[in-house]
Amino acid sequence: MKINAGQTLAYVAAAMLENKRLLIGARRHARQMALLNEITRTALGIDDLHEMLRLLANRLGELFEADGAYLTLWDKHLQRPVPVAANGELHERYVKVRVEPGETTLTASVLLERRVLAIEDVFNTPYQSRRIAALFPARSILALPLMVDQQKLGAAMIGFNQRHQFTDEEITLGEQVAAQLSLAIVKTHLLAAEREQRRLAEALRQAGLALSESLDVNTILDRLLDEIQRVVPYDSANVMIVEYDEQQQAQRARLTPAGI
């Protein structure tokens, strides 16, 4: 079979284009993995949950080359999402969003599905109400469930302002991101619980010292209230003590059974 010069050039050009495509893909993948590792290391190094989530929102947009990134936490008592972070200027608007009773949200939907949801049109999906979709510029969203075993933590939403068709590569990256973020959030919760236990233990120790250092009731109660405030911050507090006169005390003694 004879191959003329034109065909040869066409084959060479096609091979060069394919190699370029593969090179660009490899570079993009390496960049994404480097960013993901950096995000994970940074998240695991921050103890404050909200500070960590704000940082993650800013980096997630960069990781996916997206227009927006939104993060929620799941309120298990109210059974609804709480918006906590978004990238850039979207943050202030996003944290003020309130979910209406019975309203469909991406967070609840993705936690129920327990998988990444690729939503090309936020105005034509059963996973989110149109009211919420209209609040923000995103038209396509990749929703990531943040979970560890059966524990619901929240969700991450990656938004594109123009209609976007998600690739298998983006969905796989979303699964990796969801797993890493979930572990980081759990770690932060555990550290917060440990700090709370330490504060409680110290408050109890100080309360014990107050009881042993003074016999004055008012001094003891003041110390106790001070230590309680370290664990449970309050605006005001009071202690009520029931006092008995001698006759009431004598009557109470007569009514008390002797022995056990």
Side-chain angles (χ1 to χ4, degrees), residues 39 49-182 184-186 188-189:
I39 289 172
L49 179 60
H50 286 80
E51 179 186 351
M52 180 189 75
L53 294 176
R54 181 71 187 275
L55 174 63
L56 291 176
N58 288 326
R59 299 313 300 272
L60 284 176
E62 182 182 356
L63 176 64
F64 285 88
E65 298 179 357
D67 299 303
Y70 313 83
L71 289 168
T72 65
L73 293 176
W74 184 252
D75 188 324
K76 64 180 180 180
H77 300 294
L78 298 178
Q79 290 294 296
R80 67 184 184 191
V82 179
V84 291
N87 66 323
E89 297 178 354
L90 294 170
H91 177 77
E92 296 302 326
R93 289 170 53 196
Y94 187 63
V95 296
K96 295 178 182 177
V97 173
R98 295 295 177 265
V99 178
E100 296 179 352
E103 189 170 24
T104 303
T105 67
L106 275 179
T107 299
S109 296
V110 78
L111 290 175
L112 181 64
E113 294 289 331
R114 299 175 60 86
R115 62 183 176 88
V116 173
L117 297 178
I119 301 169
E120 293 186 19
D121 183 2
V122 296
F123 288 103
N124 186 27
T125 176
Y127 297 124
Q128 178 178 248
S129 74
R130 292 177 64 88
R131 184 191 75 86
I132 294 178
L135 295 176
F136 298 96
R139 290 299 170 262
S140 295
I141 287 181
L142 190 69
L144 316 178
L146 303 181
M147 305 180 68
V148 173
D149 296 328
Q150 299 298 318
Q151 184 181 2
K152 298 178 179 180
L153 303 172
M157 278 74 69
I158 313 301
F160 295 83
N161 294 350
Q162 302 297 322
R163 187 110 176 219
H164 184 86
Q165 186 173 5
F166 294 100
T167 65
D168 291 340
E169 180 185 359
E170 289 172 323
I171 293 174
T172 299
L173 179 60
E175 292 171 345
Q176 294 173 327
V177 168
Q180 297 295 329
L181 296 190
S182 297
I185 291 173
V186 167
T188 306
H189 282 325

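Throughout, numbering of the chain's residues begins at 1 and tracks the sequence.
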With sequence neighbours excluded, what pairs up with [X] under the side-chain contact (heavy atoms from CB on, under 4.5 Å) test?
| X | value |
| --- | --- |
| Arg131 | Glu100, Glu103, Ser129, Leu135 |
| Arg98 | none |
| Ala69 | Leu60, Asn87, Ile158 |

Shortest non-hydrogen separation from [X] to [Y] and the atoms involved:
| X | Y | result |
| --- | --- | --- |
| Arg114 | Leu111 | CG-O, 3.3 Å |
| Leu90 | Pro137 | CD2-CD, 4.1 Å |
| Ser182 | Pro145 | OG-O, 4.3 Å |
| Ile171 | Ala118 | CD1-CB, 4.3 Å |
| Val110 | Ala155 | CG1-CB, 3.8 Å |

Using atom types as modelled and distance alone, determine if a side-chain donor or acceptor of [X] lies under 3.5 Å from a backbone N or O of [Y].
| X | Y | value |
| --- | --- | --- |
| Gln151 | Val148 | no |
| Thr107 | Gly154 | no |
| Thr167 | Glu170 | yes |
| Asp67 | Asn161 | yes |

Exercise. Should Thr72 and Thr105 be marked as a side chain to side chain contact (heavy atoms under 4.5 Å, CB included) after you check the CA-CA gap, both sets of side-chain angles, and the distance that decides it?
Worked result: CA-CA 11 Å; Thr72 65; Thr105 67; over 6 Å; no
Report all side-chain donor-acceptor pairs from residues 74-86 shorter than 3.5 Å, counting only partners two or more places apart or in another chain.
| residue | atom | partner | partner atom | Å |
| --- | --- | --- | --- | --- |
| Asp75 | OD1 | His77 | N | 3.0 |
| Asp75 | OD1 | Leu78 | N | 3.0 |
| Gln79 | NE2 | Lys76 | O | 2.7 |

For this session: Check the pair Phe160 / Phe64 against ring-ring contact (aromatic ring centres under 6.0 Å, His included), numbers first and verdict last.
Result: CA-CA 10 Å; Phe160 295 83; Phe64 285 88; 7.7 Å; no
Seminar exercise, completed: With sequence neighbours left out, the residues meeting ring pair (Phe, Tyr, Trp, His ring centres under 6.0 Å) with His91 are none
For this session: Could you list the residues that satisfy ring pair (Phe, Tyr, Trp, His ring centres under 6.0 Å) with Tyr127, not counting sequence neighbours?
Result: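 None.
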Problem set entry | Pair listing, salt bridge (Lys or Arg N to Asp or Glu O under 4.0 Å) test, anchored in residues 132-160, at least two apart |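 Matches after skipping sequence neighbours: none remain.
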For this session: Output all residues satisfying salt bridge (Lys or Arg N to Asp or Glu O under 4.0 Å) with Glu120, sequence neighbours left out; order by chain, then residue number.
Result: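 Result, salt bridge (Lys or Arg N to Asp or Glu O under 4.0 Å) vs Glu120: none returned.
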